[in-house]
Amino acid sequence: SHGRGALTTKSSSLCADITNNDAGEELTPSDTETKILQLAQSHFVGQALLTLIRVGVIDVLHMTEALTVDEIITKINDTKKASTSTINREALFRSLRLVCTSG
């Protein structure tokens, strides 16, 4: 049975391992920890993709070949002339990089 005590014991053991790492050994995450981290981070990829869709980046990229971030912003502003919103260049760049490197 995997009750509350088992989790607490494992957590205490992990904390002890981390705090007692006097040997200077490199701590590496287990496969399970890596998968949990990837699952948690996938939320950010989904949110970035949703934002790119809402802002109109996907529509602009669909219409043309490779563009710089500044060219993407210009095309979005051209297609949404009535919009007064400002696109943060750095945030757009980071969102594009995140989505593109996520596979």
Side-chain angles (χ1 to χ4, degrees):
S1 127
H2 294 288
R4 193 179 222 170
L7 180 60
T8 304
T9 303
K10 287 182 181 181
S11 298
S12 297
S13 174
L14 176 62
C15 290
D17 289 345
I18 292 171
T19 57
N20 293 328
N21 188 20
D22 296 330
E25 299 170 11
E26 185 176 332
L27 297 175
T28 57
S30 69
D31 288 342
T32 303
E33 291 168 328
T34 301
K35 288 178 184 177
I36 290 171
L37 183 59
Q38 288 171 342
L39 179 63
Q41 290 176 338
S42 68
H43 168 75
F44 298 116
V45 175
Q47 290 298 309
L49 181 58
L50 179 61
T51 300
L52 293 176
I53 292 168
R54 286 182 176 167
V55 170
V57 172
I58 305 303
D59 296 330
V60 168
L61 292 177
H62 178 69
M63 296 186 309
T64 186
E65 296 180 19
L67 298 170
T68 66
V69 172
D70 291 325
E71 291 169 334
I72 293 170
I73 292 171
T74 299
K75 288 203 178 278
I76 290 170
N77 289 336
D78 288 347
T79 59
K80 297 185 177 190
K81 293 177 184 174
S83 175
T84 58
S85 64
T86 303
I87 297 173
N88 182 311
R89 184 189 185 286
E90 293 302 315
L92 176 59
F93 175 77
R94 288 191 302 270
S95 296
L96 285 166
R97 183 179 57 196
L98 176 63
V99 170
C100 290
T101 59
S102 301

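The structure displayed is predicted, hence computed values, not measured ones.
Annotation: salt bridge (charged side-chain N to carboxylate O under 4.0 Å, His left out) contacts of Asp59 (sequence neighbours excluded): none.
Linking Ile, Leu, Val, Met, Phe, Trp and Tyr whenever their side-chain heavy atoms come within less than 4.5 Å puts Val55 and Phe93 in one cluster. A continuous path of Ile, Leu, Val, Met, Phe, Trp and Tyr side chains, each step under 4.5 Å between heavy atoms, connects Ile58 with Val99, placing both in one hydrophobic cluster.
Residue Ile87 holds its CD1 atom at 11.5 Å from OG1 of Thr51, rounded to the nearest 0.5 Å. From Ile36, atom CD1 reaches atom CD of Gln41 across 12.5 Å, with rounding to the nearest 0.5 Å. Going from atom CD1 of Ile76 over to atom CD1 of Ile72 covers 7.0 Å, rounded to the nearest 0.5 Å. Put simply, CG on Leu39 and NZ on Lys35 are 11.5 Å apart, with the number rounded to the nearest 0.5 Å. Distance check, rounded to the nearest 0.5 Å: CD1 of Ile73 to OG1 of Thr86 gives 10.0 Å. From Arg89, atom CZ reaches atom CZ of Arg94 across 11.0 Å, with rounding to the nearest 0.5 Å.
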_Applying side-chain contact (heavy atoms from CB on, under 4.5 Å) to Leu52 and Leu92, what does each step give before you reach the verdict?_
CA-CA 8 Å; Leu52 293 176; Leu92 176 59; 3.6 Å; yes
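Looking at Thr79 and Lys75, their side chains never come closer than 4.5 Å, going by heavy atoms from C-beta outward.
Around the CG atom of Asp78, the shell of radius 6.0 Å holds more than 12 heavy atoms that belong to other residues, nucleotides or ligands.
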